[in-house]
Amino acid sequence: MIIAFGTPQDRVRPDLLRSSDMMDNPFEFLCYKKIPCFSLNQPAMSLFNDHRQDLGKLKSEIDLQKPVIVTGHGVGGSVASLFTLWLIGKMVSSDKPMDSSYKPPLCVTFGSPLIGDKHLQEAISRSGIWNSCFLHVASHRDPLVSSFISNDSYRPFGTFLLCSDCGSTCSENPDSISRLLKEMSTQNQGPQIPGYGNIVERLSSKAICKDSDVPNITQNLLRASLASQLQVLGFSKSDLSQNNLVKDLEREELLFTLNKRKLFIPHKKLDEMKTYMAQLEWYKKTCENRKSGYYDSYKNDRFPSDQDVVMLVKILNNYWKDMVEEGEKQPQKEGVFSRTRWLYAGTNYRRMVEPLDIAQYYKKGGQDYVNNGRSEHYKQLQKWQEEDKKAKPINRKNVQSILTVDSCFWAHVEEALISLQKCKAAGSSVAEEQEATKRLEEFEEYVYGLLRSYKVSPEIFLKESSYMRWWNDYFRLKGSSHGSQLASFMKNYAMYEKGEYDFSHE
């Protein structure tokens, strides 16, 4: 299906296109925590809204499982871009995943003015799929080119194909595109809108600048390539020598490439992070031999190996904070954490490392870690894991290898120890003792609920662990007649380690 938007000649006025008025966006799906809002060109949005009802009917009839091309010239191209965003929103709001049978629409505009600010560009660019939906064609002879750069707050998104009589050049770098459009506007000598049909027909034969003489090509390939592309757009050698356009574009391209690489560096380091996780596993086993568990060993800091782990925790935290930040930028349906490999690794990291952060938090005298001390990246990792429908069931035959499912388990243990102290404190009021007792009983139920589902590592039963210290003191406080479900379980917890404890009789 091809949908073409045309506009009457009187709607393609430079004064209309140069409007600096901006309005808030109607495309909420593009927003996220770091980009809560963006602005759009008011004339383009007014034209779009004038036909919103008819466009809504058209949108409902479009089958996104089949290829769709949306196109338009001038202001019609602006409406085409807005309509394409509307289609993408329909695709995102669907229950079907982005990588299913849906085919993202392709929007091709000709001489279209920019429609939004830098926040719109950043919102669209965070998704490779969304950004690739847009191809904007602009001729150096188009008098509307100046409308592209009429206001410094406007920013290009998608891919731009810039054309001249000699050929064309292509870029997706918003900074380079903005600079080129500005320079092209000063070179424009066309009295009227060019025939884009003829330009498209000639693209295949003039995609490469012929007979170009670029000096010192072996010394700087990027600079030579940029100089060649500028000659394609009609810039003479004297024009290039009189200003720093080539150098400026070279700098922009290098920065753009560097920023794109940063997005992939964390991915390449995933295997390296696994080696650090393996070292933590070794540390965990070493601590179990001391009968204290790795949580308490790390908190007590009595051995050299406890200090060695500090650097491992810092490296892993830095990596996963970067990964989560990158994952939050991307739409959920196509983000890195929709991939099983990263989601599984992130869950293991959270369950292994967060207890160590909890140990440091309470060692420094902190309280209520869950509400006051927990890092946002742990919360986001947990949210993604809970949304995953492919979670593997726990293998009871290998209980020894279980990592406690609730990575905040030890924070609850610490709070239970604090509540226990309040019950035992001589100066506590009746109300304080009652509140502390209530919290302890709730903690009992919480622990037993995890145990019933085999969601707790058996290391909590090690002789020197904080959990066993809590249980022994709590049981003495309650007395031997205490007959809760957890009390019954603790009489035979050794069966739990074998995966043989029978919860059915309780």
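A quick note: this is a predicted structure, and the numbers were derived from the prediction, not measured.
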Can Asp175 and Arg155 be said to form a salt bridge (charged side-chain N to carboxylate O under 4.0 Å, His left out), step by step? CA-CA 8 Å; Asp175 295 314; Arg155 292 279 287 174; 2.8 Å; yes

Are Phe489 and Tyr496 close enough, and set up right, to give a ring-ring contact (aromatic ring centres under 6.0 Å, His included), and what steps lead you there? CA-CA 9 Å; Phe489 168 87; Tyr496 180 87; 5.8 Å; yes

For Glu414, run the salt bridge (Lys or Arg N to Asp or Glu O under 4.0 Å) check against Lys364, Lys299, Arg469 and tell me which one passes. Lys299

Rounded to the nearest 0.5 Å, what separates atom CD1 in Ile115 from atom CG in Asn41? 8.0 Å

So, Thr404 side chain and Ser457 main chain: donor-acceptor pair closer than 3.5 Å or not? yes

One should read off an interatomic distance between Ser465 OG and Glu459 CD, to the nearest 0.5 angstrom, of 8.0 Å

Quick one: do Lys422 and Arg439 satisfy side-chain contact (heavy atoms from CB on, under 4.5 Å)? Show the steps, please. CA-CA 11 Å; Lys422 291 180 179 179; Arg439 290 180 178 274; over 6 Å; no

Distance from Leu451 atom CG to Tyr448 atom OH, nearest 0.5 Å? 8.5 Å

Quick one, Trp471 and Leu486 - any side-chain contact, counting heavy atoms below 4.5 Å? yes

When you measure from the side chain of Lys103 to the backbone of Leu64, do you find a donor-acceptor pair of N or O atoms at a distance under 3.5 Å? no

Minimum heavy-atom distance Ser292-Ser297, with the two atoms named: OG-OG, 2.7 Å

Nearest heavy-atom neighbours spanning Ser132 and Leu106: O-CD1, 4.2 Å

Atom NZ of Lys363 with >12 non-hydrogen neighbours under 6.0 angstrom: yes

Set out, in order, the CA-CA distance, both residues' side-chain angles and the distance that settles side-chain contact (heavy atoms from CB on, under 4.5 Å) for Trp86 and Arg52, then state yes or no. CA-CA 11 Å; Trp86 214 13; Arg52 178 76 72 97; 3.3 Å; yes

Side chains of Tyr378 and Gln382, donor plus acceptor under 3.5 Å: no

I would like to know whether Ser81 and Cys107 meet side-chain contact (heavy atoms from CB on, under 4.5 Å); could you show each step before the answer? CA-CA 6 Å; Ser81 293; Cys107 177; 3.9 Å; yes

Could you give me the CA-CA distance, side-chain angles and deciding distance for Trp410 and Tyr369, then say whether side-chain contact (heavy atoms from CB on, under 4.5 Å) is met? CA-CA 10 Å; Trp410 290 105; Tyr369 167 85; over 6 Å; no

Are any side-chain N or O atoms of Asn317 and backbone N or O atoms of Lys314, one a donor and one an acceptor, separated by less than 3.5 Å? no

Could you go through Glu288 and Lys284, starting from their C-alpha distance and side-chain angles, then the distance that decides it, and tell me whether this counts as salt bridge (charged side-chain N to carboxylate O under 4.0 Å, His left out)? CA-CA 6 Å; Glu288 289 174 0; Lys284 183 173 181 289; 3.1 Å; yes

Strictly by modelled atom types, are Ser484 and Glu444 linked by a side-chain donor-acceptor pair under 3.5 Å? yes

Just by distance, do the side chain of Tyr294 and the backbone of Met352 share a donor-acceptor pair under 3.5 Å? yes

